[in-house]
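In this text the structure is predicted, and so the values were computed from the model without any measurement. Computed over heavy atoms, backbone and side chain alike; hydrogens, waters and symmetry mates excluded.
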Amino acid sequence: MKFRRIYILWGLTGIFLLGLALYPPLVGLQPYWILVGMTALFYAILASSWSLLAGYTGQFSFAHMAFMGLGTYAAGILIRDVGLKPWQATIGGILITGLVGLVIGYLCLRMRAVYLALFTIAFAEIFRLVVKAEVKFTGGPNGLEIPPYTIPDALQAVFRFFIPYWDANPYVPAYYFMAVLFFVSLLFMFMLVRSRFGIFFRAVREDEEAAAALGVHVVNTRVLAFVVSSMIAGFAGIVFHHFIGLIVPDQMQIGRMSLIIAMAVIGGSQNLIGAALGAIFIHFSLEWLQSIPLPVAVLQQLLFLEDIGFSVDLNAGVLRTNAWRMVGFGLLLMLTLRFWQNGLISPVLDWLARREAAETVAQRFQAERDMDAIDDVQAITNPAEAGNPSSSSEPAS
Amino acid sequence: MWPIPDILLDINFFQITSSYIFRLILEGLLIGIIYSLMALGLTLIFSVLNIVSFAHGEFYMIGGYVVYVLLTRFKGMPGLVGIVVAALVTFLIGAVFERLFLQPMAKGKVDRPSEYAILVTFGLSFFLQFVLLGIMGPFPKKAPRFWSFPPIDLGVIRTTKATLFLGNIPLSGGRIFAAIIALLALGAMLWFMFRTWTGWALQAVSQDRNAAAVVGINPLTMNTLAFALGAMLAGLAGAVLVTVFSWVPWVGVPASAKSFVIIVLGGMGSIPGSLVGGLILGVVESLGTGLFPDPARAQAYRDVFGLIIFALVLWLKPTGLFGREL
Amino acid sequence: MKRWMLIVTVLAIASLALVACPQPTPQVIEKTVVVTKEVEKVVTKEVEKVVTQVVTKEVEKIITQEIVKTVEVTPEKGRCAPETFAELDKMEKPVIKIGVPVPLSAPGSVTGGQAMQIAANIAVNHINENGGIMGKYPIDVVFYDTSGLPERGRAGAEYLITEECVAAIAGEYHSAAGVQEKEIAHKYGVLAIFAETWNDKITAAQYPEVFRIAPASSMVAQADAKFFSDLGVSWVAIVAENTDYGVPASEATKERLADLGIESEIYLAEQGTQDFSALVSRVLQDVQQREGKKGVLTLITGETSYNFEQQAVEGGLAPAEDLIFVANQVAANHTEFWANVPDGNYMTFRRVGVVPALTKDNPVAQRFIEDYKKATKDPDRFPESYAFEQYDALMLVAYAIEKAGSLKTADLIAALEALDSRENGYQGAQGVYYFKYGVSRPVPEGEPEWMWHQWPDPAILFLQYWSDGQPVDEACVIWPEHYQTCGTDYVVPGTEPPVKP
Amino acid sequence: MSQRNGTIRLEVRNVIKNFGGLQALKGVTLNIEGPQLVGLIGPNGAGKTTLTNIITGLLKPSQGQVWFNGKRIDTLRPYHIARLGIGRTFQVTRAFRRMTVLENMLAPGLVKHPYMSRKELEKRAYEIMEFLTIDHLRHEMGGNLSGGQQKLLELARLLMLEPDLIILDEPFAGVHPKLQRTIYDYIQRVREQGKAIILISHDMESIFTLSERLVVLNFGEIIADGPPEEVKNDPAVIEAYLGKEEEDEFI
């Protein structure tokens with residue numbers, strides 16, 4: 001059997017999933033790193049669902065974090081004021097997010113990319129400011145408490161049986177919950193983009209009028225993408241904050257949103273998995289880069305960096321990067337945009353996943369040469385009908 | 001004809017001018033002029049390059065920091081020098097960024113230019129914010145004032161160091177100064193746009209790139225010029241406001257949001273639109289805050305008033321007040 | 001394509017949500033957990049741990065009450081700090097690590113975080129200059145950037161305790177993060193001294209590990225209300241920032257003002273607001289409609305408050321004869337204040353924490369102030385209250401370890417609780433620290449819950465400038481009466497106080 | 001390919017379109033019934049593309065109505081009209097640039113047959129691609145194709161929609177002659193399937209040979225309508241159009 005690159009991809013996927021499952025024991029069940037892993041997965045869901053919206057349908061929404069917050073606030077308020085159970089509120093919150101997504105999606109229909117970006121920024125800011133101002137209803141800047149999920153004892157026992165370190169610390173269940181959510185939502189989005197809607201999404205992204213002329217329901221397609229991605233963001237937000245216990249409006253700042261966008265863009269916003277991996281990679285590197293361990297001798301040479309905002313910690317032997325780690329990250333974002341528009345991770349995935357690798361531009365030229373050869377034959381047999389071969393490579397204007 | 005309602009006959013003009021509403025409107029107009037200056041830059045960029053710069057607020061922020069650094073490093077430096085330097089610095093940064101990151105777009109080296117433009121300017125804003133956070137630190141900075149009123153007392157008009165009292169209405173000195181500078185800059189800009197060859201060239205490019213290229217205007221140069229000028233106007237607004245407000249690396253975020261509101265309200269790419277839009281936004285914010293029923297939330301909703309107008313205009317009349325057909 | 005696959009996924013998600021949490025949850029978030037076996041176990045454990053002379057009935061009742069309030073019942077495994085000095089000696093580098101969670105990036109107050117970082121480093125130098133605790137164990141602080149976000153606070157405390165193996169936590173600026181950190185500290189049984197978190201909840205939870213040397217917000221609100229009441233103000237405009245600090249503080253103040261028969265109105269502003277002109281007009285309008293003496297209270301922190309104060313002065317709100325304008329305590333930064341607020345004379349401001357005049361006889365404070373000015377390279381910068389508190393929090397931890405001669409949390413708590421009155425207190429830079437109530441002396445009925453492990457004496461002073469460009473050292477302390485430095489309360493605009501300090 | 005049974009009937013009733021002060025169409029009435037190939041010609045700016053856009057719903061007429069198979073369509077959205085059976089190509093090719101050729105083909109295919117198995121659809125797509133000689137490019141991105149290949153792709157995509165009426169806007173413009181042959185074949189084949197075609201072209205030779213009926217549009221009005229030979233000799237047409245042909249070629 002012929003070896004194909006896609007096998008590497010499958011292998012890597014397997015390793016990744018295994019790593020995801022074994023992550024808690026791999027990091028020694030350290031609650032901190034499990035929490036970091038869980039947060040990374042949360043961002044991964046957000047980044048990939050944003051890429052569903054921006055990368056697949058070309059709708060640049062800056063309100064993704066706002067939808068995340070909307071779902072969480074809705075769930076929190078349903079629990080507090082309506083008295084729903086957390087799981088009921090989860091479903092309620094997702095539905096409310098979907099409903100608002102539907103309305104916003106319809107409002108934004110006719111808007112081109114830039115207008116949509118501006119409109120969603122406005123929506124996100126209005127929502128955040130209103131949440132912040134309506135202290136009585138939303139808890140204002142103090143945030144809203146979201147009570148944790150309770151897992152029934154029977155189910156606990158089952159998990160305890162299958163996962164030996166289930167009880168090691170309270171973040172392990174939360175981590176697994178998030179990992180399952182990550183996997184399920186990614187699978188769902190993956191199947192969505194492999195379905196006919198995925199093709200419609202991209203057709204609409206490429207050319208709305210042409211897609212409409214081919215019978216693609218542009219309105220429904222765009223709104224569908226908007227609603228689905230908002231609902232996934234809401235779902236992720238609700239589950240995550242059920243474990244964290246509190247949501248504050250500052251989570252929905254445009255600055256947090258730009259982090260999600262940067263994650264998706266660096267990973268590759270036209271590829272769900274690329275965006276998700278980008279988010280995981282960046283979240284971990286931001287944690288790691290907080291302090292870089294260096295030999296003291298080197299650190300003593302770097303003391304001048306303190307003047308521009310680094311802190312050199314000679315006792316601990318680390319260089320704390322403070323704001324500068326974000327600068328590097330911003331630079332990476334801009335360079336990625338300029339030179340690798342498909343992101344850094346998704347081209348690798350595309351390369352691995354390419355079904356019939358031989359069919360590339362090179363083959364196209366080969367095909368054209370073949371055609372020219374046919375032409376030549378015909379030119380001999382029927383000179384009047386054949387075209388001029390020299391013009392064959394010129395594209396039409 | 002309709003009979004004149006009694007209420008109109010009862011108008012006491014002195015009462016009006018010293019009334020609460022009038023004061024709010026006056027304050028709104030004063031700050032609106034500065035908003036206009038910022039929005040004019042964004043309009044210029046949009047009309048020539050056909051992109052919205054999401055990094056506009058960061059040029060505003062840098063303009064302020066330049067003045068702050070100059071005035072604190074060199075004590076006794078005239079404030080106007082600081083403002084000129086700030087304008088030059090932001091002009092240069094704008095030009096360099098345009099050359100490096102936006103020109104490939106104009107040359108067609110980038111797929112999907114509209115998406116690229118959104119993301120790359122957004123990336124620039126992200127980048128500049130953190131660079132300035134690294135260099136200047138997160139502590140809010142406030143530049144020393146370089147402007148005090150001479151003591152005047154003419155009855156109707158009197159001054160203290162920082163305030164001009166117009167009848168009963170106190171007007172902030174810093175703002176009056178900022179508004180004067182903004183008006184001068186606006187005038188200079190309009191003169192430049194409508195009375196010089198380069199200005200005509202910019203307008204030509206904004207109306208038809210190809211036609212402009214045919215008559216010997218280099219659209220790429222005009223792109224750079226427009227972006228740099230736009231950045232400079234934002235920098236100028238920052239430079240005049242740094243003495244009024246306090247400066248942090250993310251000070252540009254609400255400022256750029258306001259510019260978005262204005263250019264959409266006035267119509268994307270319309271110069272009169274950005275002027276009128278700025279004034280309208282200033283007044284709406286002022287009146288909204290002053291008249292919102294619940295005082296506890298009035299100021300908290302200040303930015304919301306503008307944003308709601310913004311959302312409504314985008315939704316109902318995306319061409320804005322003076323916009324050209326899309 | 002395969003629609004059934006989509007349907008299966010949707011069902012899977014739905015069933016996941018259904019299966020995972022079908023148990024009814026208590027509707028009330030207040031934790032009224034029924035005492036179970038496990039809890040009882042802890043009761044005994046707690047009693048063993050705490051060194052008490054007499055275990056009275058009352059103590060037992062309180063402990064039970066405390067347990068009922070907590071959710072986590074057993075201290076989790078995961079804490080990795082050495083428990084004894086013997087363990088410490090075995091380590092390659094015998095260093096006692098102390099965790100300092102502070103906000104160092106937005107949305108947290110980076111201003112506060114960085115000042116606290118500087119203060120913490122000074123404290124480390126002071127403790128380590130003679131070899132460290134007990135002369136041979138230097139301390140090392142580990143900072144963690146919490147961004148002021150609860151989730152980061154939680155992660156930070158987890159990280160510090162389980163990864164960095166800190167023996168204690170001292171710091172935090174934001175209550176939102178602090179409220180989470182206290183949970184984690186309690187979970188692992190690690191001593192936590194909170195420096196600048198005012199939220200009542202922090203000590204009201206009555207965790208044995210949690211101490212606070214900042215005022216509780218209720219204490220500050222009380223002082224504000226008393227101040228206005230003593231000056232005969234009949235109506236107060238409370239201008240508060242819309243944050244976890246401003247909102248509860250403004251509401252608490254309004255309540256306490258109402259108790260004293262003073263009407264008030266709250267005006268909230270987004271933190272980082274630049275333009276207050278319309279709000280100033282509005283306040284002025286409301287002020288002009290009222291008779292008698294009025295007050296304006298600024299509950300906005302940092303530079304944003306300068307913006308408000310500058311614009312209030314420019315907008316003609318202050319100075320006025322019948323209006324007492326209380327600025328934020330950053331007004332104590334006198335050079336900046338006068339640069340930013342021209343015509344700002346007759347402005348009063350509240351200062352939580354000491355003023356230069358009150359530190360003159362305190363060598364600890366003098367030394368700290370000097371080093372702080374050096375570290376910030378700003379000879380005019382008097383340390384902010386949170387810098388003082390951060391410094392003292394670390395010094396207190398060091399003191400507790402030294403006094404207890406142990407690294408066990410229970411011993412540290414006992415050592416701190418031994419500071420039971422001002423006479424027995426610990427002399428810090430800010431004042432004499434002591435804790436009236438705690439595990440050994442439960443909070444009696446009638447006292448607020450948050451008095452648990454709470455330093456009762458943070459100085460809450462009101463000062464007033466009276467002339468242009470005045471240094472803060474020359475400003476009069478006008479309230480409370482026993483601290484007055486000019487022998488007068490409010491200095492009426494246009495006059496000078498009878499006695500200059 | 002399914003053969004169409006029943007009638008095809010497009011009626012454009014007195015359509016007027018104003019752009020600001022400019023009147024692009026001044027009351028155009030046009031009936032197309034049954035399978036036939038109608039050539040639509042006219043000098044630049046005559047309103048051909050405007051008319052096309054109105055029929056396919058991209059523009060709304062200022063006045064007048066469009067009916068298709070007994071249904072009024074000028075009020076409908078473009079996707080709806082496409083689903084009723086009117087397909088079109090664009091003057092400037094509009095392939096989906098970041099989708100593979102196969103995916104380009106699947107988009108209309110999935111519109112027409114949402115629940116058909118992917119395999120079956122791909123089979124159909126391959127057939128069409130093979131006929132249009134682009135099957136070897138099926139996994140190539142649309143944007144990587146040459147101009148002519150993109151034209152073919154557009155035509156192929158159109159067939160996947162299985163429309164009854166096809167509007168071809170300048171299918172020959174800028175296409176390599178050997179590809180033109182393919183397009184000829186395509187048109188012939190579509191005609192054999194019993195579909196109606198509106199062919200807009202500047203290529204006089206091909207339009208005269210292909211069309212059964214020729215409609216000439218000038219300044220927003222139909223100035224001639226009939227068999228090609230008749231129209232060719234119509235003095236008004238010669239005056240308005242053919243007389244200036246050389247200039248047009250120039251542009």
Measure the CD-CG distance between Glu115(B) and Leu337(A) for me, rounded to the nearest 0.5 Å. 10.5 Å
Given heavy-atom pairs under 4.5 angstrom as the criterion, report whether the side chain, backbone, both or neither of Leu118(A) touches chain B. both
In terms of heavy-atom pairs under 4.5 Å with chain A, which of Pro249(B), Gly134(B), Ala300(B), Ser125(B) leads? Gly134(B)
When every non-hydrogen atom of Ser258(A) is compared with those of Phe126(B), the smallest separation belongs to OG-CD1, 3.4 Å
Measure Leu124(B) against the heavy atoms of chain A and call it side chain, backbone, both or neither at under 4.5 Å. both
Contact leader toward chain A among Val120(B), Val52(B), Leu119(B), where contacts are heavy-atom pairs under 4.5 Å: Leu119(B)
Is the distance between the ring centroids of Phe329(A) and Phe130(B) under 6.0 Å? no
CG-CE distance between Leu128(B) and Met334(A), expressed to the nearest 0.5 angstrom: 7.0 Å
Would you check if Val114(A) and Ile118(B) make a side-chain contact, meaning some heavy-atom pair closer than 4.5 Å? yes
Side chain from CB out, backbone as N, CA, C, O: work out which of these in Phe305(B) comes under 4.5 Å of a heavy atom of chain A, or both, or neither. neither
What's the separation between atom CG in Leu307(B) and atom CZ in Phe119(A), rounded to the nearest 0.5 Å? 11.0 Å
Using non-hydrogen atoms and a 4.5 Å limit, figure out which bit of Val130(A) sits close to chain B: side chain, backbone, both or neither. both
Measuring heavy-atom distances to chain B, does Arg128(A) have an atom under 4.5 Å in its side chain, in its backbone, in both, or in neither? neither
Applying a strict 4.5 Å limit to non-hydrogen atoms, the region of Leu107(A) in contact with chain B is both
Can you tell me how far apart OH (Tyr301(B)) and CD1 (Ile126(A)) are? Round to the nearest 0.5 Å. 10.5 Å
Do the side chains of Val131(B) and Met326(A) get nearer than 4.5 Å, heavy atoms only? no
In this structure, CD of Glu134(A) is separated from CZ of Arg297(B) (nearest 0.5 Å) by 4.0 Å
In this structure, CD1 of Ile254(A) is separated from CZ of Phe54(B) (nearest 0.5 Å) by 9.5 Å
Engaged part of Leu333(A) at the chain B interface, taking heavy atoms whose separation is under 4.5 Å: side chain
Can you tell which part of Ala311(B) gets under 4.5 Å to a heavy atom of chain A, answering side chain, backbone, both or neither? both
side-chain contact (heavy atoms from CB on, under 4.5 Å) assessment of Phe127(B) paired with Val327(A): CA-CA 6 Å; Phe127(B) 175 70; Val327(A) 173; 3.7 Å; yes
Turns out that what part of Val313(B) lies under 4.5 Å from chain A's heavy atoms comes down to neither
Under 4.5 Å from any heavy atom of chain B, what part of Phe123(A) do you find: side chain, backbone, both or neither? neither
